[in-house]
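Okay, structure first, notes after.
Both backbone and side-chain heavy atoms feed into the values below; hydrogens, waters and symmetry mates do not.
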Amino acid sequence: MAIARFVLAHPIGRRRPLRCLWDTVRWQLGASATPTVVSFVDGASLWARRGETGVTGNIYVGLHEFAEMAFVAHLLCPGDLFADIGANAGSYTVLAAAVAGARVVAVEPVPETAERLQANLELNGVTDRVAVHRVVITDVPGTVLFTADADTVNRIAAPDDHGRRLVEVPATTLDALFTGEPPILLKIDVEGHEAAVLQSGRGLLAEGSVLALVVEMGDRSGGAARMLANEGYQPVRYDPFTRSIGEVTPNLSGRNVIWVRDRATVVERLHAARPISVKGLRV
């Protein structure tokens, strides 16, 4: 069973196999299309429903994308500004706002998904910390067609998407979105559109205030990686249990990669962060 293999290979699943497998089985047996409140981490909660992959992985193992999500929780301090580009239903946004106490600019263009994001903010009482923008971030402002029926892999429509459900949404740039205070951390999950998003924020990245980015590297041309390297960012791996970062070669096959620029400041923040509780483990 693919889900069981994922759970047992996950860093939390390896350490809490019985608890994680029990939570997985209980969800699989009881889940329905009707949203249900489930526990997240450190007292936060999420609305979840069957098939909502951006949320349900957290039910199984606490933090679906363990290293990247723990990095976000450990790096951010109360009052910091975090940018969640491609927020989906809000796992990262809730983690940043409700667990780390940060302020968040969350970008989610699909109307139904943005409503689920808003519901998760209300559930956790953090609407005052989060500004939701129902736009697409790209290098050419205006409007774009966007898929609306692909859950976590919705994206700017391609020519062969004529059979999909599409919505027209406004498009803007990172530089236009952050004309005032810059975020210290960005998460970018835009299904292969990373290079255009980063291009739209060249001014923001050049300022030097963005300490780190978590980027899903779906741009197989390597353009996003080259752009980040040119701005002084280095790809790293993160071990949440030891709070250590190490060198890594960026994987361009759709995996998440953490990029840091001011390494000393990042390490200092990671080491100073309070632990969070994930499936009964202090991380």
Heavy atoms only: give me the nearest Pro11-Arg15 pair and the separation to one decimal. O-NH1, 2.9 Å

Could you tell me if Tyr92 and Glu65 have a donor-acceptor pair between their side chains, going purely by distance under 3.5 Å? yes

Atom pair CG (Leu18) and CG (Asp23), whose distance is rounded to the nearest 0.5 Å: 11.0 Å

Thinking salt bridges, do Glu231 and Arg226 make one under a 4.0 Å N-O criterion? no

Between Glu216 and Arg255 (side chain of the first, backbone of the second, donor and acceptor by atom type, cut-off under 3.5 Å), is there such a pair? no

Cut-off 3.5 Å, side chains only: do Thr93 and Asp84 have a donor facing an acceptor? yes

I need the Arg26 CZ to Leu21 CG distance, nearest 0.5 Å. 12.5 Å

So, Asn58 versus Ser91: side-chain donor-acceptor pair below 3.5 Å or not? yes

My understanding is that a hydrophobic cluster links ILVMFWY residues whose side chain heavy atoms are under 4.5 Å apart, including indirect links. Using that, what else belongs to the cluster containing Val37? Trp47, Leu123

side-chain contact (heavy atoms from CB on, under 4.5 Å) evaluation trace for Val104 with Arg129: CA-CA 6 Å; Val104 184; Arg129 296 182 198 165; 6.0 Å; no

Rounded distance [0.5 Å steps], OG1 in Thr242 versus CG in Asp239: 3.5 Å

Side-chain donor or acceptor of Arg202 paired with backbone N/O of Leu198 under 3.5 Å: no

Please report the shortest heavy-atom distance between Ala224 and Glu194, naming the atom on each side. CB-CB, 3.9 Å

If you measure from CG on Asn256 to CG on Asp189, what distance do you get to the nearest 0.5 Å? 6.5 Å

Using side-chain heavy atoms (C-beta onward) and a distance below 4.5 Å, is Leu213 in contact with Tyr233? yes

Verdict with reasoning, Ile245 to Ile258, per side-chain contact (heavy atoms from CB on, under 4.5 Å): CA-CA 10 Å; Ile245 60 176; Ile258 298 169; over 6 Å; no

Looking at OH of Tyr60 and CZ of Phe6, how far apart are the two atoms once the value is rounded to the nearest 0.5 Å? 8.5 Å

How far apart are the closest heavy atoms of Cys20 and Gly13, and which atoms are they? SG-CA, 3.9 Å

Donor-acceptor under 3.5 Å (His133 side chain, Val105 main chain): no

Do NZ/NE/NH1/NH2 and the carboxylate oxygens of Arg116 and Glu108 come within less than 4.0 Å? no

Go through the structure and list residues passing side-chain hydrogen bond (donor to acceptor under 3.5 Å, both in side chains) with Arg16, not counting sequence neighbours. none

Quick one: does any side-chain atom of Asp175 pair with a main-chain N or O of Gly203 as donor and acceptor, under 3.5 Å? yes

Take Arg237 and Glu68 through the test salt bridge (Lys or Arg N to Asp or Glu O under 4.0 Å) and record every step on the way to the result. CA-CA 9 Å; Arg237 56 175 173 78; Glu68 301 88 343; over 6 Å; no

Begin with the C-alpha distance, continue with both residues' side-chain angles, and end with the deciding distance and a verdict on side-chain contact (heavy atoms from CB on, under 4.5 Å) for Phe82 and Leu75. CA-CA 10 Å; Phe82 170 63; Leu75 184 72; over 6 Å; no

With a 4.5 Å cut-off on side-chain heavy-atom distances among I, L, V, M, F, W and Y, is there a chain of contacts connecting Leu281 to Leu8? yes

Taking every heavy atom of Pro109 against every heavy atom of Val136, the minimum-distance pair comes out as CB-CG2, 3.7 Å

Could you check if a side-chain atom of Glu181 sits within less than 4.5 angstrom of a side-chain atom of Arg103, using non-hydrogen atoms only? yes

If you count every heavy atom of other residues, nucleotides or ligands that lies below 6.0 Å from Glu268 atom CD, does the total exceed 12? no

Determine yes or no for a side-chain-to-main-chain donor-acceptor pair under 3.5 angstrom, with Thr172 supplying the side chain and Pro141 the backbone. no

Inspect the contact between Glu247 and Arg263 and indicate whether a charged nitrogen and a carboxylate oxygen are less than 4.0 angstrom apart. yes

Does the side chain of Lys279 reach to within under 4.5 Å of the side chain of Val61, using non-hydrogen atoms? no

Check whether any side-chain N or O of Arg50 sits under 3.5 Å from a backbone N or O of Ala33 as a donor-acceptor pair, and report yes or no. no

Do Val169 and Thr143 touch side chain to side chain, with heavy atoms closer than 4.5 Å? no

Set of residues satisfying ring-ring contact (aromatic ring centres under 6.0 Å, His included) with respect to Phe66, sequence neighbours excluded: His10, Phe241

Might you work through the side-chain contact (heavy atoms from CB on, under 4.5 Å) test for Thr173 and Thr138, ending with a clear yes or no? CA-CA 5 Å; Thr173 66; Thr138 186; over 6 Å; no

So, do Leu211 and Arg269 sit near enough that their side-chain heavy atoms are less than 4.5 Å apart? yes

Is there a side-chain contact between Pro275 and Val283, using heavy atoms and a 4.5 Å cut-off? no

Smallest heavy-atom separation, Ser209 atom then Arg261 atom, equals N-NH2, 4.2 Å

Quick check: do Leu29 and Val25 have side-chain heavy atoms less than 4.5 Å from each other? yes

What are the two closest heavy atoms between Arg243 and His271, and how far apart are they? O-NE2, 3.1 Å

Are any non-hydrogen side-chain atoms of Val55 and Phe40 less than 4.5 angstrom apart? no

Any donor-acceptor pair under 3.5 Å from Asn120 side chain to Ala89 backbone: yes

CD1 of Ile184 to SG of Cys77, rounded to nearest 0.5 Å, is 6.5 Å

With distance as the sole test, does Arg14 use its side chain to make a donor-acceptor pair with the main-chain N or O of Ala9 at under 3.5 Å? yes

